[in-house]
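Here is the structure we will look at.
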2 protein chains.
Amino acid sequence: MTAETQASERRKTALSRDAIIAAAIEILDAQGEGALTFRALAARLATGSGAIYWHVADKQELLAAVADQVIARIMVDQADGAEPSEAIRIFALAVFDAIDAHPWIGGQLSRDPWQHAVLRILEAVGGHVRALGVPADAQFNVATAIMSFLLGLAGQYALGAGMAEGGIDRTTALEEIAARWAKLDPENYPFVRFIATQLPGHDDREQFLAGIDLILAGIEPLRDVAATARHQSSPVFPGGQ
Amino acid sequence: MTAETQASERRKTALSRDAIIAAAIEILDAQGEGALTFRALAARLATGSGAIYWHVADKQELLAAVADQVIARIMVDQADGAEPSEAIRIFALAVFDAIDAHPWIGGQLSRDPWQHAVLRILEAVGGHVRALGVPADAQFNVATAIMSFLLGLAGQYALGAGMAEGGIDRTTALEEIAARWAKLDPENYPFVRFIATQLPGHDDREQFLAGIDLILAGIEPLRDVAATARHQSSPVFPGGQ
DNA sequence: ACCTGAACACCGTTCAAGT
DNA sequence: ACCTGAACACCGTTCAAGT
């Protein structure tokens with residue numbers, strides 16, 4: 001809704017990579033992943049479909065650029081003086097909110113782990129892991145584990161919102177899934193049936209944060225507290241949850 | 001390589017859902033995700049592409065069935081009398097090995113979290129979480145957090161092996177990525193640059209297990225040990241790693 | 001009931017031709 | 001240098017027509 005809203009005149013302004021990315025984000029947000037074709041994009045930009053290829057190598061690069069744009073926006077550190085474990089929670093929630101606002105980004109992030117948007121996230125996660133006092137030889141495994149959790153969630157929420165695209169209400173969709181799960185064989189699927197009862201009422205955000213806290217609690221015994229000397233206000237870590 | 005190897009005679013035996021799934025797995029394993037088209041599948045089965053639709057609703061259902069088949073195979077519990085936290089490690093490694101052997105399954109699992117194959121994994125994870133003595137009201141969050149980690153990894157390894165499909169050696173591919181990361185701006189990407197030095201030499205399996213151990217360590221304070229009375233041989237849990 | 005295969009409605013991508 | 005848009009080589013899916 002910013003610069004080139006509708007497909008009508010246009011073509012006075014020159015086409016640019018940024019304009020293409022902006023238009024792609026508009027299509028993705030408004031109509032979802034399936035609606036982003038080079039033809040639709042060209043129509044919105046009032047240009048030929050081939051013109052896009054002059055500014056962007058192919059669709060994969062376009063999607064990577066689009067994801068990078070969105071992730072870059074949340075990369076301003078919202079947790080200035082916060083204690084490191086709190087800072088990582090705040091950052092993770094920012095990622096969560098970005099996926100929630102642009103569900104298509106979940107699929108994109110988990111589809112290509114080497115793209116720049118993922119590097120941005122990894123860098124941020126790594127910085128927080130360092131600040132937590134995780135020893136150097138454990139930082140690789142800890143940071144990538146957190147990344148895996150984030151990307152796994154990302155993929156999941158992309159799908160959850162994918163249903164919402166179809167016009168189906170979120171809670172009724174969850175109720176449908178829960179009903180299907182409840183019909184599973186009690187012998188072989190006791191746990192899934194148990195989970196089913198909690199599925200419709202659960203809070204995504206709380207579930208997400210619980211996962212982060214689980215990992216943070218797991219990091220706790222690894223911490224070298226001397227390395228985080230400046231953050232001694234809070235004691236050690238309250239424990240789980 | 002089992003029943004209907006080459007596309008030649010055939011058509012004496014009737015087409016069946018199982019035969020279609022088996023052929024699909026063969027194509028996926030041999031030539032990767034991109035090679036599985038209904039035309040290629042029909043050619044391999046020496047039938048018309050439309051015939052497949054009599055046994056399978058669409059491609060999404062086919063991929064879900066294929067993933068379910070592969071995951072079902074690893075669902076025999078390999079950790080009979082093992083202590084619960086060891087049992088979950090063994091199971092997670094079985095999932096890891098399945099993804100390693102069939103890289104395409106990673107993408108498929110993370111693409112649709114409601115498919116049956118994912119339910120199978122969730123059920124197994126949940127059972128182990130229960131055996132660990134996680135209280136009922138925390139089981140949902142803990143089990144889904146582990147699932148997210150598994151699916152996140154799944155997506156990643158699908159990609160890692162996706163390169164291998166292109167004929168590029170795995171270690172040289174990692175070296176290439178590491179070289180690209182090393183060129184990043186030291187100001188903005190110190191952690192990624194640090195990680196880059198460890199990337200080529202690292203062991204996927206060990207990295208994966210470290211992530212599982214991190215989560216297991218995080219679960220530790222949640223455990224109600226009385227609930228796991230029969231597994232009192234090992235003391236509590238040695239701590240991180 | 002099950003299979004055939006041409007046809008339909010799309011894709012991403014290319015490329016001669018224009019300005 | 002940048003854009004046009006028809007054309008190419010694919011897809012998944014449908015469906016009249018066969019057996």
**Item:** Spacing of B/Trp54 atom CH2 relative to D/dT13 atom P, expressed in whole Å
**Value:** 18 Å
**Request:** Using a 4.5 Å cut-off on heavy atoms from C-beta on, say whether the side chain of B/Gln139 contacts that of A/Gln198.
**Result:** no
**Asked** Between atom CG in B/Leu62 and atom P in D/dG12, what is the gap in whole Å?
**Response** 10 Å
**Prompt:** Base, sugar-phosphate alone, or nothing: which one does B/Leu36 contact when heavy atoms must sit under 4.0 Å apart?
**Reply:** sugar-phosphate
**Message:** Main chain of B/Pro200, side chain of B/Glu175: is a donor-acceptor contact present, judged purely on distance under 3.5 Å?
**Reply:** no
**Asked** Within a strict 4.5 Å, meaning less than it, do heavy atoms of the B/His202 and B/Leu174 side chains meet?
**Response** yes
**Item:** Spacing of A/Leu41 atom CG relative to C/dC11 atom P, expressed in whole Å
**Value:** 12 Å
**Message:** Starting the side chain at C-beta, find the nucleotide from D/dG12, D/dC3, C/dA1 nearest to B/Arg39.
**Reply:** D/dG12
**Asked** Do the non-hydrogen side-chain atoms of A/Arg120 and A/Ile74 ever get within less than 4.5 Å of each other?
**Response** no
**Request:** Figure out the CG/P separation between B/Asp58 and D/dG12, and round it to whole Å.
**Result:** 11 Å
**Item:** 4.5 Å side-chain heavy-atom contact, A/Asp112 and A/Leu63
**Value:** no
**Prompt:** When you measure from the side chain of A/Gln108 to the backbone N and O of A/Val66, does any donor-acceptor pair fall under 3.5 Å?
**Reply:** no
**Item:** Candidate nucleotides C/dA1, C/dC11, D/dC3, ranked by approach to the side chain of A/His55 - the nearest
**Value:** D/dC3
**Asked** Between B/Arg17 (CZ) and C/dC3 (C1'), how many Å, whole number?
**Response** 18 Å
**Prompt:** Under a 4.5 Å cut-off applied to non-hydrogen side-chain atoms, are B/Leu184 and A/Glu123 in contact?
**Reply:** no
**Asked** Within this structure, what is the CG-to-C1' distance between B/Leu15 and C/dC3, rounded to whole angstrom?
**Response** 9 Å
**Request:** Please report, rounded to the nearest Å, how far the P atom of D/dC11 is from the CD1 atom of B/Ile27.
**Result:** 11 Å
**Prompt:** Counting side-chain heavy atoms from C-beta on, which of D/dA1, D/dG12, C/dG12 comes nearest to B/Phe38?
**Reply:** D/dG12
**Message:** From the set C/dC3, C/dC11, D/dG12, return the single nucleotide nearest to any side-chain atom of A/Thr37.
**Reply:** C/dC11
**Message:** At under 4.0 Å between heavy atoms, how does the protein contact nucleotides 14-19 of chain D? Give one character per nucleotide, 5' to 3', with B, S or -.
**Reply:** B-----
**Complete:** Residue set satisfying side chain to side chain contact (heavy atoms under 4.5 Å, CB included) with A/Ala143, at least two apart, ordered chain then number -> A/Leu122, A/Val125, A/Val129, B/Phe191
**Fill in**
Output row for DNA chain C, stems defined as at least 3 consecutive Watson-Crick or G-U pairs under 3.5 Å, is C:4-8 with D:12-16, C:12-16 with D:4-8
**Message:** Atom CD of residue position B/Gln60 - does it have more than 12 heavy atoms of other residues, nucleotides or ligands inside 6.0 Å?
**Reply:** no
